[in-house]
S.K.: 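I'd like to ask you about the structure that follows.
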Amino acid sequence: MEENTKENRKWRRLPIQIRFNDVDRFGHVNNNAYFSYYDLGKEDYLNNVLSEDYRKQDVVPVIANINADFIEPILCNDEIVVETRVCHVGQKSFTLEQQAVNLRTKRAVCRCFTVMVCFSLKAQCSADIPENYRRAFLGEI
């Protein structure tokens with residue numbers, strides 16, 4: 001199990017477009033929309049950090065657990081970026097830390113932690129993190 005200090009980890013940033021249907025009648029982004037923003041951040045992170053199409057491999061990461069803390073509301077005209085980084089690499093799983101940041105205030109408005117487990121599509125069970133994934137994640141830390 002390898003864990004690194006928070007100061008050493010790099011964020012990957014993705015601007016988010018707030019869509020009309022993300023906003024409720026009070027002008028707030030609905031909490032369900034945050035998870036689609038985090039999914040976009042996960043996809044961007046994995047596509048760029050793994051430098052190969054992980055979806056075409058036998059061992060793929062799948063979500064095992066996801067938790068979010070909603071700190072401040074996102075309003076319809078806010079400019080938001082989702083920041084994503086790996087904060088823990090284990091034997092079969094890794095944890096993504098994400099936050100939605102309001103560009104105007106520079107504050108995190110929501111934080112999310114997602115445990116991703118590596119899963120073998122052929123064997124239909126959890127698998128060790130492939131060495132090339134591990135090197136890519138640790139190279140980003």
S.K.: With clusters built from Ile, Leu, Val, Met, Phe, Trp and Tyr whose side-chain heavy atoms come within less than 4.5 Å, directly or transitively, what are the remaining members of the cluster of V81, listed by chain and number?
M.R.: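 Besides V81, the cluster holds V101, L103.
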S.K.: Looking at V59 and Y133, what are the two nearest heavy atoms and their distance?
M.R.: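 Taking V59 first and Y133 second, the nearest heavy atoms are O-OH, 2.9 Å.
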S.K.: Distance check, rounded to the nearest 0.5 Å: I16 atom CD1 versus D22 atom CG?
M.R.: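 If I round to the nearest 0.5 Å, the distance is 9.5 Å.
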S.K.: Which residues pass the ring-ring contact (aromatic ring centres under 6.0 Å, His included) test with Y34, not counting sequence neighbours?
M.R.: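 So Y34 forms a ring-ring contact (aromatic ring centres under 6.0 Å, His included) with F70.
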S.K.: So which atom in C110 and which in Y38 form the shortest heavy-atom distance, rounded to 0.1 Å?
M.R.: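 Reported closest heavy-atom pair: O-OH, 3.0 Å.
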S.K.: Is there a donor-acceptor contact under 3.5 Å from the side chain of D24 to the main chain of G27?
M.R.: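 It does hold such a pair.
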S.K.: What do the steps show when you test R55 against V60 for side chain to side chain contact (heavy atoms under 4.5 Å, CB included), and what is the final call?
M.R.: CA-CA 6 Å; R55 293 164 296 191; V60 296; 5.6 Å; no
S.K.: Would you say the side-chain atoms of Y37 and Q17 include a donor-acceptor pair closer than 3.5 Å?
M.R.: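 No donor-acceptor contact under 3.5 Å links the two side chains.
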S.K.: Which heavy-atom pair separates A123 from S120 by the least distance, and what is that distance?
M.R.: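 Minimum heavy-atom separation between A123 and S120: N-OG, 3.1 Å.
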S.K.: Going by side chain to side chain contact (heavy atoms under 4.5 Å, CB included), F35 matches just one of I66, T114, L40. Which one?
M.R.: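 Of the listed options, the one satisfying the test is I66.
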S.K.: Going by ring-ring contact (aromatic ring centres under 6.0 Å, His included), name the residues that satisfy it together with F119, two or more places apart in sequence or in a different chain.
M.R.: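 Partners of F119 by the ring-ring contact (aromatic ring centres under 6.0 Å, His included) criterion come out as none, since no residue qualifies.
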S.K.: Can you check side chain to side chain contact (heavy atoms under 4.5 Å, CB included) on N102 and I74, steps first, answer last?
M.R.: CA-CA 8 Å; N102 182 314; I74 296 175; over 6 Å; no
S.K.: Looking only at heavy atoms, what is the nearest atom pair of F113 and E97, with distance?
M.R.: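 That would be CE2-CG, 3.5 Å.
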S.K.: Measure the spacing between CE of M116 and OG1 of T95 and express it to the nearest 0.5 Å.
M.R.: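 Going from the CE atom of M116 to the OG1 atom of T95 covers 10.0 Å.
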S.K.: Does any part of the side chain of R13, heavy atoms only, come nearer than 4.5 Å to the side chain of V82, both counted from C-beta?
M.R.: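 No; the side chains remain at least 4.5 Å from each other.
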S.K.: Decide yes or no for L14 and T84: does some side-chain heavy atom of the first lie under 4.5 Å from some side-chain heavy atom of the second?
M.R.: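 A side-chain contact is absent here, since even the closest heavy-atom pair is not under 4.5 Å.
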S.K.: Which residue pairs pass the salt bridge (Lys or Arg N to Asp or Glu O under 4.0 Å) test with at least one member in residues 67-81, sequence neighbours excluded?
M.R.: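 Checked against salt bridge (Lys or Arg N to Asp or Glu O under 4.0 Å) - neighbours excluded - the pairs reaching residues 67-81 are E72-R107.
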S.K.: With a sphere of 6.0 Å drawn around CG of N77, does it hold more than 12 non-hydrogen atoms of other residues, nucleotides or ligands?
M.R.: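 No, CG of N77 has 12 or fewer neighbouring heavy atoms, counting only those of other groups under 6.0 Å.
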S.K.: Verify side chain to side chain contact (heavy atoms under 4.5 Å, CB included) between L96 and V86, making sure each step is shown before the conclusion.
M.R.: CA-CA 4 Å; L96 288 175; V86 168; 3.7 Å; yes
S.K.: Measure from the side-chain N and O atoms of S36 to the backbone N and O of A33, and report whether any donor-acceptor pair falls under 3.5 Å.
M.R.: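 Judged by distance alone, yes, a pair lies under 3.5 Å.
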S.K.: Does D44 have any salt bridge (Lys or Arg N to Asp or Glu O under 4.0 Å) partners at least two apart in sequence or in another chain, and if so, which?
M.R.: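 Residues passing salt bridge (Lys or Arg N to Asp or Glu O under 4.0 Å) with D44: R12.
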S.K.: Might you point out which heavy atoms bring K10 and G139 nearest each other, and give the distance in Å?
M.R.: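 Nearest heavy atoms, K10 then G139: NZ-O, 4.1 Å.
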S.K.: Pair up each side-chain donor or acceptor in residues 124-131 with any protein partner under 3.5 Å, not counting sequence neighbours, and list the distances.
M.R.:
| from | atom 1 | to | atom 2 | distance (Å) |
| --- | --- | --- | --- | --- |
| Q124 | NE2 | L121 | O | 2.8 |
| D128 | OD1 | Q91 | NE2 | 3.4 |
| D128 | OD2 | Q91 | NE2 | 3.1 |

S.K.: Can you see which heavy atom on V23 is nearest to which on C76, and at what distance?
M.R.: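 Heavy atoms of V23 and C76 come nearest at CG2-CB, 3.8 Å.
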S.K.: Knowing that exactly one of E83, K42, R85 qualifies, which makes a side-chain hydrogen bond (donor to acceptor under 3.5 Å, both in side chains) with Q98?
M.R.: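 Looking at E83, K42, R85, the match for Q98 under the side-chain hydrogen bond (donor to acceptor under 3.5 Å, both in side chains) is K42.
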S.K.: Begin with the C-alpha distance, continue with both residues' side-chain angles, and end with the deciding distance and a verdict on side chain to side chain contact (heavy atoms under 4.5 Å, CB included) for W11 and Y45.
M.R.: CA-CA 9 Å; W11 289 110; Y45 183 89; over 6 Å; no
